[in-house]
2 protein chains.
Amino acid sequence: MKSTFPTVLRELLRTHQAFLSYAASHVQKLDLTLPQFDIIITLGNTDGLPYKILGEKTLITKGTLTGVISRLEDKGLVQRDASKTDGRSQIIRLTETGYALFERTFPEHLLFINRLFDNYSPEDVINLEAALKQLHEAVISLRSEEQEKIVDDTEA
Amino acid sequence: MKSTFPTVLRELLRTHQAFLSYAASHVQKLDLTLPQFDIIITLGNTDGLPYKILGEKTLITKGTLTGVISRLEDKGLVQRDASKTDGRSQIIRLTETGYALFERTFPEHLLFINRLFDNYSPEDVINLEAALKQLHEAVISLRSEEQEKIVDDTEA
DNA sequence: CACTAATTGTTCTAATTAGAACTTTAAATT
DNA sequence: AATTTAAAGTTCTAATTAGAACAATTAGTG
């Protein structure tokens, strides 16, 4: 059996790692970590987001999110407000300083990142996205199969 | 300007994360973390590898590697031997227990992972790998450009 | 050979990470 | 309405992560 594991999936890990370190190199100049800047970006052009949504958009789990938000709060870039409609929920929004940082740095960051695709044809972009989605869906599909197995075992 | 950043690259992050959590779900049953199991796999079928090579293959930086190896050593799965040819270098190899674990678990792990590609045609695999490599090379190319800039600044 | 530069691995720090236990509040059920 | 169940955030723990400083050794240079 020819194993696709070492070749294709290693390449996924390598590409991911390379991209993160590329993106981080830009963000570090702002004295922010990548997750921190990701929060800033995600909050930009919104009127604040509940904790939960913020975690879903940035792919940061809630236990981690508390720490990241706290550090941004310490830096004065973000603030927590209690939700008016749900007593459990916190709304995170950019402070004035945070919004100013967003406006000042986001366009340049976008250029920096999009430079990766300078030599891409439109088809290349489509292919990449399609290939990633195909793998993503395969993972999700198998993961839910595994989940069902566990449920079956519990019931049995 | 149409931004490729939020769509394609988010998909890279999501796919990567989904894959890791899928792989981790399997490895956790062995009471190992993914990086730890990655080391076991990488050492399997070798006669031991120097620290440096091990880090390159697993994409783990040296500061991190020390901790991961130490934990595997504590579990008795791996041992450190001083290199005979280089006084600075350590050779990491599987212990008997470690090798037994590798032999017992690796084939099943491979099956578990390769299941992701059950519905892939050969072209699908080739496309995925090509798309990832294209992005990877774009990152590397830009990263080295950035590096040159820094050198220029230092010289100027 | 002497000196400098580079490499190997360890140690340390600050941050992120997932997961679990926990508190508080909301929703659902009886 | 009372009770149970679920959801939102916080806190805690163990591990990973990158990066920087450091000691020991090797390689390269004059």
Side-chain angles (χ1 to χ4, degrees), chain A residues 13-14 16-39 48-56 58-75 78-92 143 150, chain B residues 13-14 16-39 48-56 58-75 78-92 143 150:
Chain A
L13 303 187
R14 264 195 291 263
H16 174 261
Q17 195 185 62
F19 165 66
L20 283 195
S21 97
Y22 176 73
S25 74
H26 195 237
V27 168
Q28 277 164 359
K29 294 173 188 164
L30 310 173
D31 252 310
L32 291 174
T33 66
L34 216 41
Q36 286 169 13
F37 192 62
D38 203 5
I39 299 289
L49 291 176
Y51 221 91
K52 178 87 182 304
I53 306 289
L54 199 50
E56 283 167 5
T58 58
L59 305 178
I60 300 176
T61 51
K62 58 186 183 178
T64 306
L65 199 52
T66 299
V68 177
I69 299 287
S70 295
R71 261 158 244 126
L72 285 172
E73 214 177 7
D74 293 345
K75 292 181 181 180
V78 136
Q79 70 188 65
R80 276 178 239 243
D81 296 314
S83 165
K84 288 165 189 163
T85 59
D86 188 333
R88 301 164 296 182
S89 183
Q90 306 261 355
I91 309 293
I92 316 295
R143 201 162 48 180
I150 293 167
Chain B
L13 303 187
R14 265 195 290 264
H16 173 260
Q17 194 184 62
F19 165 65
L20 283 195
S21 97
Y22 176 72
S25 74
H26 195 238
V27 168
Q28 277 165 359
K29 295 173 188 165
L30 310 173
D31 252 311
L32 291 174
T33 65
L34 215 43
Q36 287 169 11
F37 192 62
D38 204 4
I39 299 287
L49 291 175
Y51 223 92
K52 179 88 182 304
I53 306 289
L54 200 49
E56 283 167 4
T58 57
L59 305 177
I60 300 176
T61 51
K62 57 186 183 178
T64 305
L65 199 51
T66 299
V68 178
I69 298 288
S70 296
R71 261 158 245 126
L72 286 173
E73 215 178 5
D74 293 346
K75 293 181 182 181
V78 135
Q79 70 188 65
R80 277 177 237 242
D81 297 314
S83 165
K84 289 166 189 163
T85 59
D86 189 332
R88 300 164 296 182
S89 184
Q90 306 260 355
I91 309 293
I92 317 295
R143 201 162 48 178
I150 293 167

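By convention in this document, chain letters (A, B, ...) are assigned in the order of the sequence lines, proteins followed by strands, and residues within each chain are numbered from 1.
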**Asked** Between B/Gly67 and A/Ile60, which has a closest nucleotide on DNA chain C that is more 5'?
**Response** B/Gly67
**Request:** Establish, with yes or no, whether the OP1 or OP2 oxygen of D/dT17 is under 4.0 angstrom from a side-chain nitrogen or oxygen of A/Gln17.
**Result:** no
**Asked** Would you say C/dT10 has OP1 or OP2 under 4.0 Å from some side-chain N or O of B/Thr66?
**Response** yes
**Message:** Tell me the interatomic distance from B/Leu20, atom CG, to C/dT17, atom C1', rounded to whole angstroms.
**Reply:** 11 Å
**Asked** By side-chain hydrogen bond (donor to acceptor under 3.5 Å, both in side chains), which residues pair with B/Thr58, not counting sequence neighbours?
**Response** none
**Prompt:** Once you round it to whole Å, what is the distance between P of C/dT8 and CD1 of B/Ile91?
**Reply:** 12 Å
**Item:** Intermediate values then yes/no, side-chain contact (heavy atoms from CB on, under 4.5 Å), A/Thr66 and A/Lys62
**Value:** CA-CA 6 Å; A/Thr66 299; A/Lys62 58 186 183 178; 5.8 Å; no
**Fill in**
A/Tyr51 OH to C/dA26 P, in whole Å, measures 18 Å
**Request:** Give a yes/no answer on whether the side chain of A/Ser89 brings an N or O atom under 4.0 Å of OP1 or OP2 in D/dG9.
**Result:** yes
**Asked** Atom CD of A/Gln36 and atom P of C/dA14: how far apart are they, to the nearest Å?
**Response** 14 Å
**Item:** Whole angstrom value for the distance that separates C1' of C/dT8 from CZ of B/Arg80
**Value:** 13 Å
**Message:** Rounded to whole Å, how long is the line connecting atom CG of A/Leu65 with atom P of C/dA18?
**Reply:** 11 Å
Heteroatom pairs (N/O) under 3.5 angstrom, protein to nucleotides 19-29 of chain D:
{"unit_1": "D/dT26", "atom_1": "OP1", "unit_2": "B/Gly87", "atom_2": "N", "d": "2.9"}

**Item:** Check: A/Asp31 main-chain N/O paired with A/Lys75 side-chain donor or acceptor under 3.5 Å
**Value:** yes
**Message:** Under the rule for side chain to side chain contact (heavy atoms under 4.5 Å, CB included), what residues qualify as partners of B/Arg88, not counting sequence neighbours?
**Reply:** B/Asp86
**Request:** Grab the NZ-P distance between A/Lys52 and C/dA26 for me, whole Å please.
**Result:** 16 Å
**Message:** Using whole Å, what does the distance between atom C1' of nucleotide C/dG9 and atom CD1 of B/Ile39 come to?
**Reply:** 14 Å
**Message:** Under the side-chain contact (heavy atoms from CB on, under 4.5 Å) test against B/Ile39, which residue among B/Leu49, B/Thr33, B/Leu34, B/Leu54 passes?
**Reply:** B/Leu54
**Asked** Considering all heavy atoms of both residues, which atom of B/Ile60 and which atom of B/Pro35 are nearest to each other, and what is their separation?
**Response** CD1-CB, 4.1 Å
**Asked** Quick one: does B/Ser70's side chain get under 4.5 Å of B/Arg80's, heavy atoms only?
**Response** yes
